[in-house]
Amino acid sequence: MIPRLATARLVLDAFTLNDVQAVVELFGEPEVLDRVFAFDTPYPPYKPEHAVAWIAGHLPDFLAHKGVVFAIRLDGRLLGCVSLDLDRAQDRGRMGYWLGRPFWGQGYATEAVRAVLAYGFQQLALEKVEADHIAGNAASARVMEKAGLMREGLRPHHNKKRGAYLDEVLYGLTRAAAAAAGVLSAYSAALGASPTPPPRPRHPDDPPYAEELVAANATSIERTLLQRHFLGKSVDELEQELRVYGKSLAPDFANLAPVGLGYYLKSAQKYLDSEFSEGDWDFAHGLVAAIAPRLRDSALPKETHELAQALVRHVRDQAARYFIEADKQPFAGWVAEALAD
């Protein structure tokens with residue numbers, strides 16, 4: 001479920017346990033570890049169990065909207081890693097990357113960073129991407145600057161590594177600065193003619209990918225909210241969220257792309273497959289308002305259309321038990337619109 005990105009030369013996708021030995025060999029090099037703030041143990045520090053534990057955390061963190069980690073590959077061979085740690089409350093990402101020593105100096109890191117910047121700004125609707133490097137790492141500075149990140153400052157003695165206090169150089173790029181500099185189009189070009197990643201096989205029970213989730217006409221704010229609440233959630237997981245936040249989430253169904261709408265209507269169906277309580281009615285009322293106009297969308301698959309109509313009929317039948325005068329007129333109109341031939 002971690003996205004797959006493609007550039008002119010590279011593929012960025014999920015790490016698997018088949019990558020463990022390559023990660024140990026590439027990341028475990030002392031010259032690579034020297035460039036990473038976090039790793040502070042004596043050499044040789046990196047073992048297969050470290051790689052297994054690291055890889056095992058990638059998907060849970062992605063599904064929890066904490067971050068995304070991409071393997072950098074060339075013709076199937078692992079070159080390194082690029083990642084984004086996410087602060088969704090601030091719409092901010094913090095980028096990190098490393099590259100195996102045999103692949104330094106060939107432009108691979110810059111190409112991968114550009115692709116992930118494109119993904120962060122366009123698919124995750126981030127407002128800013130930040131990065132940093134150890135002072136004196138001129139190669140990392142060149143990668144950040146070539147990718148369009150701008151130096152923002154220096155934190156003296158900000159990190160301690162093997163007893164030494166290291167200066168941290170800060171870089172960042174805002175959405176506005178990226179657009180003003182014309183680099184967003186360059187990032188899109190790095191991903192090919194379209195910012196949408198190449199088609200990938202997806203099992204029908206898998207949640208929609210980011211590029212399948214949001215309707216094309218959704219605003220950046222709507223896109224952010226949809227991805228925060230819907231992206232990566234199974235039908236059962238979203239059903240539980242609807243039971244807690246249903247009233248506030250109901251309008252979001254209006255901005256789901258056809259694949260996302262069809263998938264997540266199953267969550268609404270599970271939630272509403274009973275007699276309504278007052279809170280359930282609030283969600284159902286908002287859901288009908290959101291999906292009624294969607295049933296005029298010729299792009300909706302037949303099964304999605306039929307599921308939406310079945311939900312509206314169920315809500316209509318349950319609504320007969322309620323007498324909410326202020327809601328009767330608009331609700332009747334939404335139902336009529338949804339069930340019109």
Stepwise, does the salt bridge (charged side-chain N to carboxylate O under 4.0 Å, His left out) test hold for K128 with E152?
CA-CA 13 Å; K128 185 178 183 181; E152 294 186 332; 3.0 Å; yes
Applying side-chain contact (heavy atoms from CB on, under 4.5 Å) to F230 and V214, what does each step give before you reach the verdict?
CA-CA 10 Å; F230 287 72; V214 186; over 6 Å; no
Given salt bridge (charged side-chain N to carboxylate O under 4.0 Å, His left out), test D132 with R151 step by step and report yes or no.
CA-CA 9 Å; D132 57 61; R151 178 165 170 156; over 6 Å; no
Working for side-chain contact (heavy atoms from CB on, under 4.5 Å), residues F103 and L26:
CA-CA 10 Å; F103 312 112; L26 296 175; 3.9 Å; yes
Stepwise side-chain contact (heavy atoms from CB on, under 4.5 Å) test for I2 and D13
CA-CA 7 Å; I2 288 175; D13 61 9; over 6 Å; no
The test is side-chain contact (heavy atoms from CB on, under 4.5 Å); show your working for R4 and L12 and say whether it passes.
CA-CA 6 Å; R4 179 180 183 272; L12 278 60; over 6 Å; no
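Neither side chain, Y271 nor Q240, offers a donor N or O lying under 3.5 Å from an acceptor on the other.
No option in I291, L295, L261, D297 other than L261 meets the side chain to side chain contact (heavy atoms under 4.5 Å, CB included) test with T304.
R294 contributes no side-chain N or O that, together with a main-chain N or O of H305, makes up a donor-acceptor pair within less than 3.5 Å. Side-chain atoms of E237 come within 3.5 Å of backbone atoms of S234 as a donor-acceptor pair (strictly under, hydrogens ignored).
Using a 4.5 Å heavy-atom cutoff, the side chains of L226 and L231 are not in contact. S248 places none of its side-chain heavy atoms less than 4.5 Å from the side chain of F283. At least one side-chain heavy atom of V116 sits under 4.5 Å from a side-chain heavy atom of M95. Annotation: side chain of K66 is not in contact with side chain of D85 (no heavy-atom distance under 4.5 Å). Contact of the M150 side chain with the L173 side chain is registered, since non-hydrogen atoms from C-beta on lie closer than 4.5 Å. L78 is not listed as a side-chain neighbour of Q21, based on a closest heavy-atom distance of 4.5 Å or more. Taking 4.5 Å as the limit, every side-chain heavy atom of V113 sits out of range of all side-chain heavy atoms of T110.
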Only distances under 3.5 Å count here; give the side-chain donor-acceptor pairs of residues 249-258 to other protein atoms, sequence neighbours excluded, each with its distance to 0.1 Å.
none

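The CZ atom of F27 sits 8.5 Å away from the SG atom of C81 when rounded to the nearest 0.5 Å. Taking CD of Q309 as the reference point, atom NE2 of H314 lies at 15.5 Å (rounded to 0.5 Å). With rounding to the nearest 0.5 angstrom, the CG atom of D87 is 13.5 Å from the NE2 atom of H65. The distance from the CG atom of D61 to the CG atom of L86 is 9.5 Å, given to the nearest 0.5 Å. In this structure, CD in E127 is found 7.0 Å from CG in D91, a value given to the nearest 0.5 Å. Atom-to-atom distance recorded for I72:CD1 and W98:CH2 is 8.0 Å, nearest 0.5 angstrom.
The aromatic rings of F15 and H58 sit perpendicular, their planes meeting at an angle over 60°, well past the 30° parallel limit.
Two rings, from F70 and Y119, have their centers less than 6.0 Å apart.
Hydrophobic clustering keeps L170 apart from L84 (ILVMFWY residues linked when any side-chain heavy atoms are closer than 4.5 Å, directly or through intermediates). Under the 4.5 Å side-chain heavy-atom criterion for ILVMFWY residues, a single connected hydrophobic cluster contains both I55 and V69.
A salt bridge links E111 and R9; the closest N-O separation between the charged side-chain nitrogens and carboxylate oxygens is under 4.0 Å. Between D280 and R243 no salt bridge is recorded (no basic side-chain N to carboxylate O distance below 4.0 Å). Using a 4.0 Å cut-off between a side-chain N of Lys or Arg and a carboxylate O of Asp or Glu, K270 and D236 qualify as a salt bridge.
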